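I'd like to ask some things about the structure below.
Order of listing sets the numbers, starting from 1, for every ligand and every atom in it. Note that the structure is predicted; figures quoted are calculated from it, not measured.
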Amino acid sequence: MKLNKHWLNQLPKLELHLHLEGSLEPELMFALAKRNQINLPFTSIEAVREAYEFNNLQDFLDIYYQGANVLLHEDDFYDLTWAYLEQCHAQNVIHVEPFFDPQTHTDRGVPFATVINGISRALMDGEAQLGISSELIMCFLRHLDEEAAFATLAMAEPFLDKIIAVGLDSSEDGNPPEKFSRVFAKARELGLLTVAHAGEEGPAEYVWTAIKDLQVSRIDHGVRSVEDAELIRHLAATRMPLTVCPLSNTKLCVFDDMAKHNILEMLEQGVCVTVNSDDPAYFGGYMTENFIALADGLGLQREQALKLVSNSIAASFADVDRKQAMQLLIEQFEDEH
Ligand code: ADE
Ligand code: ZN
């Protein structure tokens with residue numbers, strides 16, 4: 001039986017792979033452009049949505065970095081984060097670990113403090129007013145060099161109480177994880193956890209080097225791991241989580257059809273896969289829509305959906321008490337629905 005959309009919306013969920021800049025809806029983009037007197041290269045909200053046709057990751061990144069230009073002031077980062085949290089609340093997402101890309105903003109002259117203070121204030125309000133717990137992850141842009149990543153880490157040092165981990169995103173091919181071995185080592189010395197995008201467009205080899213050289217706690221995407229049977233066995237044996245993003249993968253042509261997505265195949269192989277939305281404003285959906293896409297395209301079953309959420313709890317950076325409370329919420333939901 002096909003899973004009901006209402007059931008999927010009510011299912012308590014966690015999101016571990018979400019770029020805040022990728023949650024910028026065209027409506028907010030236009031409102032911020034007006035507030036900040038910035039000219040957009042689009043004539044209407046509809047024209048923005050029509051431009052969201054991508055053949056690959058780079059096609060998307062070009063338009064994504066352009067969209068972020070409307071973010072200038074602390075309140076802009078607050079409004080962006082708050083809008084995302086409202087979406088989470090409407091979809092019963094109870095815990096989030098968003099990414100932000102400081103270099104996209106500091107390279108335009110926006111101070112690091114402006115970015116992180118706006119985001120953190122919204123995350124605190126999200127916890128107090130919506131009951132959504134959160135941890136924040138700072139990503140380095142891998143198409144830029146190691147020196148720029150070190151400079152970004154230095155900017156973050158006064159704010160380390162607001163950041164749980166560093167991550168690695170942007171153009172994957174040709175920018176292997178090991179390019180950032182030294183900066184990730186420094187981040188770990190500072191007490192930060194590490195994650196990295198790997199095996200999205202890049203090869204399975206990048207998943208290995210993210211694990212070995214960057215000592216990550218999770219792999220973001222990792223869908224190309226299936227090309228290496230030994231890697232799949234390693235991921236399953238170590239319960240290394242993969243934060244998979246189904247709608248992102250079809251929008252960016254990593255898979256040409258959801259029916260060909262490998263998330264459930266990896267779940268059956270014992271890999272700790274999780275469901276996430278990546279850049280929901282660009283890819284056609286938030287958490288619930290990603291679960292619906294799996295139900296429609298792959299025939300996702302109730303037990304699999306519950307397992308995917310339990311995997312997210314295990315994979316999250318929440319403390320033990322919060323993890324227990326979230327697992328109880330899932331069990332209660334299972335009993336009642
Ligand atoms: N930045 C935002 N979304 C991304 C993705 N899917 N891959 C790499 N970098 C990103
Ligand atoms: Zn991503």
Quick one: do K5 and D296 make a salt bridge, cutoff under 4.0 Å?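 Not counted as a salt bridge, because no side-chain N and carboxylate O are separated by less than 4.0 Å.
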
Taking it one step at a time, do F112 and H105 satisfy ring pair (Phe, Tyr, Trp, His ring centres under 6.0 Å)? CA-CA 8 Å; F112 188 94; H105 315 297; 9.9 Å; no

Tell me which residues fall inside the under-4.0 Å heavy-atom shell around ligand 1.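 Residues within 4.0 Å of ligand 1: H19, L57, F60, L61, Y64, D169, S170, H197, E200, H221, D278, D279.
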
With carbon and hydrogen excluded and only N/O/S kept, which atom of D278 is nearest the Zn ion (ligand 2)?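 Result: OD1.
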
Test side chain to side chain contact (heavy atoms under 4.5 Å, CB included) on M138 and F100; report intermediate values, then the result. CA-CA 5 Å; M138 176 178 88; F100 73 115; 3.6 Å; yes

Partners of S316 by side chain to side chain contact (heavy atoms under 4.5 Å, CB included), sequence neighbours excluded?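 Once residues adjacent in sequence are excluded, the partners of S316 under the side chain to side chain contact (heavy atoms under 4.5 Å, CB included) criterion are L14, L16, H95, E97, A318, K323, M326.
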
Using the rule that two of Ile, Leu, Val, Met, Phe, Trp, Tyr join whenever any of their side-chain heavy atoms come within less than 4.5 Å, decide whether I132 and I164 are in one cluster.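 No: no chain of side-chain contacts under 4.5 Å links I132 to I164.
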
Any donor-acceptor pair under 3.5 Å from T114 side chain to V110 backbone: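 Pair absent, no side-chain N/O of T114 close to backbone of V110.
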
Could you check whether atom CG of N39 has more than 12 heavy atoms from other residues, nucleotides or ligands sitting under 6.0 Å from it?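 No, not enclosed.
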
How many degrees, to 10°, between H197 NE2 and H17 NE2 as seen from the Zn ion (ligand 2)?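 Rounding to the nearest 10 degrees gives 90°.
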
